[in-house]
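Below: the structure, in C-alpha cells.
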There are 6 protein chains.
Amino acid sequence: MTRIDGRAPDELRKIIIHPNYLTHPLSSVLIECGDTRVICAVSIESKVPPWMKAQKLPGGWLTCEYGMLPASTHERMKRESSSGKQGGRTMEIQRLIGRSLRAAVDLNLLGENTVSIDCDVINADGGTRTASVTGAAVALNLACRCAASRDMFADYPIKENVAGISVGIVGGVPMLDLCYAEDSIAEVDMNVIMTESGKLVEVQGTAEGTPFSRRQLNELIDLAEHGLKQIFQKQNALADAVARGITSL
Amino acid sequence: MTRIDGRAPDELRKIIIHPNYLTHPLSSVLIECGDTRVICAVSIESKVPPWMKAQKLPGGWLTCEYGMLPASTHERMKRESSSGKQGGRTMEIQRLIGRSLRAAVDLNLLGENTVSIDCDVINADGGTRTASVTGAAVALNLACRCAASRDMFADYPIKENVAGISVGIVGGVPMLDLCYAEDSIAEVDMNVIMTESGKLVEVQGTAEGTPFSRRQLNELIDLAEHGLKQIFQKQNALADAVARGITSL
Amino acid sequence: MTRIDGRAPDELRKIIIHPNYLTHPLSSVLIECGDTRVICAVSIESKVPPWMKAQKLPGGWLTCEYGMLPASTHERMKRESSSGKQGGRTMEIQRLIGRSLRAAVDLNLLGENTVSIDCDVINADGGTRTASVTGAAVALNLACRCAASRDMFADYPIKENVAGISVGIVGGVPMLDLCYAEDSIAEVDMNVIMTESGKLVEVQGTAEGTPFSRRQLNELIDLAEHGLKQIFQKQNALADAVARGITSL
Amino acid sequence: MTRIDGRAPDELRKIIIHPNYLTHPLSSVLIECGDTRVICAVSIESKVPPWMKAQKLPGGWLTCEYGMLPASTHERMKRESSSGKQGGRTMEIQRLIGRSLRAAVDLNLLGENTVSIDCDVINADGGTRTASVTGAAVALNLACRCAASRDMFADYPIKENVAGISVGIVGGVPMLDLCYAEDSIAEVDMNVIMTESGKLVEVQGTAEGTPFSRRQLNELIDLAEHGLKQIFQKQNALADAVARGITSL
Amino acid sequence: MTRIDGRAPDELRKIIIHPNYLTHPLSSVLIECGDTRVICAVSIESKVPPWMKAQKLPGGWLTCEYGMLPASTHERMKRESSSGKQGGRTMEIQRLIGRSLRAAVDLNLLGENTVSIDCDVINADGGTRTASVTGAAVALNLACRCAASRDMFADYPIKENVAGISVGIVGGVPMLDLCYAEDSIAEVDMNVIMTESGKLVEVQGTAEGTPFSRRQLNELIDLAEHGLKQIFQKQNALADAVARGITSL
Amino acid sequence: MTRIDGRAPDELRKIIIHPNYLTHPLSSVLIECGDTRVICAVSIESKVPPWMKAQKLPGGWLTCEYGMLPASTHERMKRESSSGKQGGRTMEIQRLIGRSLRAAVDLNLLGENTVSIDCDVINADGGTRTASVTGAAVALNLACRCAASRDMFADYPIKENVAGISVGIVGGVPMLDLCYAEDSIAEVDMNVIMTESGKLVEVQGTAEGTPFSRRQLNELIDLAEHGLKQIFQKQNALADAVARGITSL
C-alpha cells in the first residue's frame, strides 16, 4: 500500500531545518517538513508574567504564540488580527506547544526571564503543530546556548530534547506524519510529543468519526516513536552543524 | 494508600444526575461529580452553520459552549463576558466536548438542524470537562428522544453512548477521577472519552513536569476504562428512570 | 380576576432561599422566586478600584456583575462571552444591583476592600433583577457576618436590609411580581428597591406602549411595598435559620 | 434658599433650540439647557432590524445612540471608540432615550423603516439624557413632517410630544433641572419623561446614599411636571417658528 | 471655469474660528471651513506615555484623536464606539494630525506632560483633516498661552504655527480647498501641511484613478502655499483678537 | 559620504524576488530588499464587497492586508491577533498598498471578483511598505496571467506596472532606500509610488522634526525616480524569467 505522495505508511516526509533564519530574534529556525514550513523564533525578556509575581513563584516562564499567514492554507484564511481575536484552534495549538517546550526546560534555571516562542506557519500541508514543536525545540536550544554564553541564566536550563510528530489512521491503515490530504480524510488523528529518552510529554488522539481501539492507540504510538527517533537524530545533527558553523541541513 | 478525600486510587466520586433541571431548553441535566456541578442543556435550531451551507454538506451539526460561573472556582474567576473574550482554556474545552458528542451521533440523521449544547460549571472541583461530556451525553439522549417523538429527525441519531473521566498520576500513583486538590499537584493529567462499547473517542494526556512512560499511559487508560464502565451504568439507569418518570438518581 | 398562574394580583410567587449554595466564595445563595432561579455569590478582595486610589477616597467599594446562562431563557440566548461583550440590558441591570446594594452598606466601614457580587441567572421567568437584589442582600449579610467574625472590617458595615420586587400593569390591572408571560405583555413595568424601613432606593418605571398616570404610579408602589414587607420577613427568617444552622427555607 | 447658579429650586435653566443645525441628516437640532449642549439628529433607513424580520413584526422601528465628545466633560473622558466599547452608562442612557421616543410614535405607522436618532453631547453640565430626550423629540417632529411631506409614511406617526427633565434632592431640598455641580452632591437623582398630556413614560429615581420617602418621590414628580409644562411650550413654539421659517429660539 | 459652489480654482472657502467654544477643556475652538465644522479641544495631563517612560526619553508628548459624529456625513456613518473599533481612515487621520502638531512644538519644553488634542467633526463637507490641523494649531496656541501663564512649561513650547489645506485635480484642473462634491470626483487628492515660514511638514498626494506628473505635483503645492498664506493670516488675526478679548472671527 | 552599510546616497539595496514562493495561493513572491523580506500573495474570490453590491457598482475590487511577524522587528512586536486589533500603522500601510495596486488595474475588467493581496513581513529592515508594493505588483502580474489563462477576466486587467521606494533626508543628505538604522534617525521620510511611465501614484512625505523645503521635496522625488527605474527593470526581468520558467532572480 502506497500513500498519496508515494511514501510508505511508516515513512517521514523530508525535514530541512534552516538555523538563524531571521536577523533580529535571539535565535530562529525555518523548519520544512515536506511542504509544511514554519518559522520558529525565540526572544527573551528579563521579566516574568504578573501572575507569577503575584504568587511569588521562583524561576522564569516560557510561553508560545502560533499563527498562520492568511495565504498559507488551501483556502485563504481570514487574518486573525483583522477578525479581532485568535480562534479556538490557534489557542489550542499555542497552548500545546507552550506546554511541550516547558517540559523541556527547568523553569527554575531560567532566572527572572520570560522566553517567548513564536511559531508562524508560512506554508501549511498538515502537521503544523508538531513541526512547530520540533522547530521550536531546536530554536530554544540555539537560544539557550547563546543566552548561556552571555551568562543570562544561572545554569544551562534545557533538561532534554523534545520533538513532535502526527500519526493517524487513514482508510484503516496507521500512518506516520500525515500530509493535509491524508489528515483531512483520517479516521483518527493523533499528535505525540516525546522526550529524546522516549517518555511521553503529550498525547492527543481524536477520533474523527470512527472511535479507535486500545490496540490501535498502541500501534499509533509505536509509529510515532519510530518517526521521532529519526527526528531527534536530525535535531542533533543540526545542533552539531551549527556548532561547527554549517547553516542548513 | 488513601487519597485526600479518603477514596481508593481506583474509586470514582459520587455521581448524581438531575434530569430536566431547567424549564426552557429541549432537555437539560445538572450533573454532580463530588463537588463538581455542571448544568448541561440542549437546544436545537432548524438551520446549519454558514460553512456547511457554503460547502453544501448534507445533514446537521452539533456544537458546544462551555463556561464557568465566576464564583465557581477557588479564587473568583474574571467573567469572560466582561473581559471581552473566551480564554484559551475555555475554547480548548468546548472544542473537546463538541468533538466528543459529535462522535456519539450520526450527523446525517440530524436533518438540517444544529444541536447546541451548553455546559455551565456552577461549582468546580476538578474534572469539569469530563463531567460536561458525561452530562451532555445524557442531556443529548433526552433531547433526541424528545425530538424523535416530535419527528424532528429522519431517524434516531444517537449511535452509541459516550462518557468521559479524568485520570492522572499523583505522587507516582495512577488515580481515577482527580479532585482539584489532586489535579493541581498531579505529574500527569489525562482525559479519556470513550464509547460504551469501549472504543476511544479522545485521549488527551499531558505531563505537567514529569514525562510519562508507555506503561504508565496504559495503566491510566485501564483506570479510565474501569471508571467509565460504572459511569455508563449510571447513564443508563438514569435514562431508564426518566423513561419511568423518576427525576433524580 | 385571576392571573395566568392562578395568583391574586397582589400575591407574590413562592420564594425559597438556599444559603451557602456554592463551596468556594465567602458566601452565596440560590434564590428561587417561582421559576426564576439566581445564584448570588459574594467575594471580597483586599484592594480598591484604581479610580478610588486616584481620588484618594477613603473606605471600600462594592460592585456587581450579572449574567444569564444561555439556556436560562425561553429562546436560547447568545453567550455574551462568545459575542465578545456584555449587552446593554446586562450592563443596565448590574449597575442597578450594584447601586442598590451600595445603599445597604456604609462603604467607609468596608476598609480598603472591594466586595464583588455575582448574580447569575440559572433559570429565568421574569423578575431576575429584583430577585438578584433580594438574593444578593442575603448573601451580603452572610458574607459580612463571616468577614466580621474574621475582623476583616472596622465595624459591621450593613446599615439596613434592602430587597427588590417588580410590579406592573397588565390588561389595565396593577399586579405584583410579574412572571415572564405577564411581563412580556405588560403596559407598564416597574422595579422597586426599598430598605426594610420603607424608604425607596430605586424606582424604575417604564411605559411599554401606554404611558401611566400619577395615580397608577402610586398604586404600583403600594403594591411593591406590600410585597416587600413579606420579602423582608423571608430574608430575616433565613438569616435567623442560618444563625441556628438550618440551611434552606 | 438660592442655588449654586442663583436659580430658585423650581426654576429651569435657559433652553435654546437651534433647528436643522446640521446639513446632512433628515432633521437635527442643537439643544442648549444652560451649559449642556446636545446635537440630536434623525436619519431614516428603509429597512427594519433583523429581529423584527425574524418575528415578522409589522411596522417600523426607532432606535437611539448617545455619545459624549471626550472634551465635553469636566475631566477629559476616554473616547469610547478607542477603548473599543460603549460603557454601561452610555448604553443605559441610549436605551432610555430610545424607549422614551418610541413611546411618542405609533411604530405601525412608520412602515418598513428604521428611525435612527443620534444624541451627541458637545458640552456637558448635568441633565444630558433628559436634554437628549427633549431635543430628540423636536428633531423627530421635524423629521416626521419632512418624511410625511415626501409620503414616506402611511400616516403621520407621532402620537404625542414627549420631553424629559431631571429633578433631585440636594441638601434636603427638592430641586428642578440639576446642573453638574448640584448633581454630583445630590442625595437623590431622578429623571422623569412625560407626554404633553401629563402621563409618565419613564421614572428613574436613584438614592445616592440616602433613601427617599414616598412623600419626597411625589414632591420630585410635582417639580418635574412643573418644569415639563414650560418645556412643552418651548417645543411647541419652536415647531411653530420652524413652520414659519424662523430658525432659532 | 467656475466651481460647483461658484469659487475660482484658487479660492478658499470662508473660514470662521470660534475660540473657547467649550467650557471644560484648557482650550478649544470650533472651526468652520465652508460647511465643514470641527471642534478642536486641548487637554494637558501631567504624565507621559509608558513607552516614553520605558525609554527614559526627556520632555513631553503630544497626541491627537479624531472622530466624526454619525450624523456629520452625507450618509449616516456607523458610530465607531458601537462597532467596537476605530476604522483605518480614522487612525490614518489622527496619526497625521498628531505628527503635524508635534512638528509645531518643542517636545522637550513640554516638561513631563501629555497634550491631548481632540478633533471632532460636527459637520463634514470635505477637508476635515486639514481643517482639524488648522483648528488644532489655534487651540494649541491658546492652550500654551494659558499653560505658560500658569507656569506649566519650562518655556513657551510652540516653535512655529502650522496649518493644513487640501488641494486636488478635478476634471484636469488643479483646485484649492475641495468641498465633498469635488473631492469625491477628484483625479488627485492632496493634503499639504506647512509651517508659517513655508516649509513642508506633510505632503500626502494620492492618485484616485489617474496618476499625476511631477509638474502637476508642483502646481498643487503652489496652490496649497497660496491658500495657506491666507490661513496663517486668519490664525494670527484670531490669536490677536483673543488676546484683545474678541471671541469670534 | 558613505552610508551605514557602505552604499552611495543614490544606491539601492540588493533586490531578490522569488516567484511562487507558496504552494496554495494563485500567485506569490518572496521579495528581499537587503534584509527586508516580505511574502506577497494574491488570492481571488468570485464576489465583491457588500458596499459595492449596495451601490450597484460595476466591475471588481482589489484589497490588501499587511502584517509583520512578531519576530520580524528589532524588538519583538506584540502579535496583533492577540492584542485584538490591527494598529494604526498597520491600517495606514495596508490602505496605502491597496490604493497603489488599485492604480495599476482597471477594476472594471476584473469582473465580479475581489483580488486579495496579503503582504507579510518576515524580516524587517526599513522600507517594508514600499517593498510590499513592489512585490505585490509582481505577484499581481503573475496572478493576472494565471487568471487570464483560465478566462477569469473579461480582458487582461493590468494597466501599467507600479512600484514603490522610500527616500529620506539623513544628516542633511537626501538618500535612496533607507535601511532601518537610517530611517530611525531621518529628518524627512518619504514613500513614493510610481507607474512605469513615470507618473506619481502616491507621495507621502513626513518631516520627523525638521520641516523640508520645496527644493528638498524635488530632490527626494528625483532620487526616488532614479531608484524606481532600476526596480521596474528588475520586475520586468523577473516576469520574463517566469515566462521562461526560471524561478529566482
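Reckoned from all heavy atoms, side chains included, excluding hydrogens, waters and symmetry mates. Residue numbering restarts at 1 for every chain, and letters A, B, ... go by the order of the sequence lines.
- Defined by atom type and a distance below 3.5 Å, a donor-acceptor pair is present between the side-chain atoms of F:His18 and F:Glu32.
- Using a 4.5 Å heavy-atom cut-off against chain A, the contacting residues of residues 41-52 of chain F are F:Ala41, F:Ser43.
- Across all their heavy atoms, F:Thr73 and A:His24 have their closest contact at O-CB, 3.1 Å.
- Contact of A:Ser72 with chain F is made through the backbone alone, with heavy-atom distances under 4.5 Å.
- Using a 4.5 Å heavy-atom cut-off against chain F, the contacting residues of residues 84-98 of chain A are A:Gly84, A:Lys85, A:Gln86.
- Of all the listed residues (A:Arg79, A:Arg76, A:Arg37, A:Glu75), the one sharing the greatest number of non-hydrogen pairs under 4.5 Å with chain F is A:Arg79.
- Between A:Ala147 and A:Phe153, the shortest heavy-atom distance links the atoms CB-CE1, 3.5 Å.
- A search for ring pair (Phe, Tyr, Trp, His ring centres under 6.0 Å) contacts involving F:Tyr180 returns F:His74, not counting sequence neighbours.
- At distances below 3.5 Å, not a single donor-acceptor pair connects side-chain atoms of A:Ser116 with backbone N or O atoms of A:Thr63.
- Ionic pairing of A:Lys78 and F:Glu65 is not present here: no N-O contact between side-chain nitrogen and carboxylate oxygen is shorter than 4.0 angstrom.
- A salt bridge links A:Arg7 with A:Glu182: the distance from a Lys NZ or Arg NE/NH1/NH2 to an Asp or Glu carboxylate oxygen falls below 4.0 Å.
- For residues 133-141 of chain A, heavy-atom neighbours of chain F at less than 4.5 Å comprise no residues at all.
- Inspection of the A:Gln235 and A:Asn161 side chains reveals an N or O donor paired with an N or O acceptor under 3.5 Å.
- A side-chain donor from one of F:Asn123 and A:Thr23 sits under 3.5 Å from a side-chain acceptor of the other.
- Two residues are said to be in side-chain contact when any heavy atoms from C-beta on lie closer than 4.5 Å; A:Leu30 and A:Ile17 fail this criterion.
- With a 4.5 Å cut-off on non-hydrogen atoms, A:Ile39 touches chain F through its side chain but not through its backbone.
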Give the C-alpha distance, both sets of side-chain angles, the deciding distance and a yes or no for salt bridge (charged side-chain N to carboxylate O under 4.0 Å, His left out) between A:Asp5 and A:Arg13. CA-CA 9 Å; A:Asp5 52 8; A:Arg13 291 180 289 180; 5.7 Å; no
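- For a residue to count as touching a neighbouring chain, one of its non-hydrogen atoms must lie under 4.5 Å from one of that chain's; by this rule A:Asp35 touches chain F with the side chain only.
- Side-chain contact between A:Asn236 and A:Leu238: absent, with no pair of heavy atoms (C-beta onward) separated by less than 4.5 Å.
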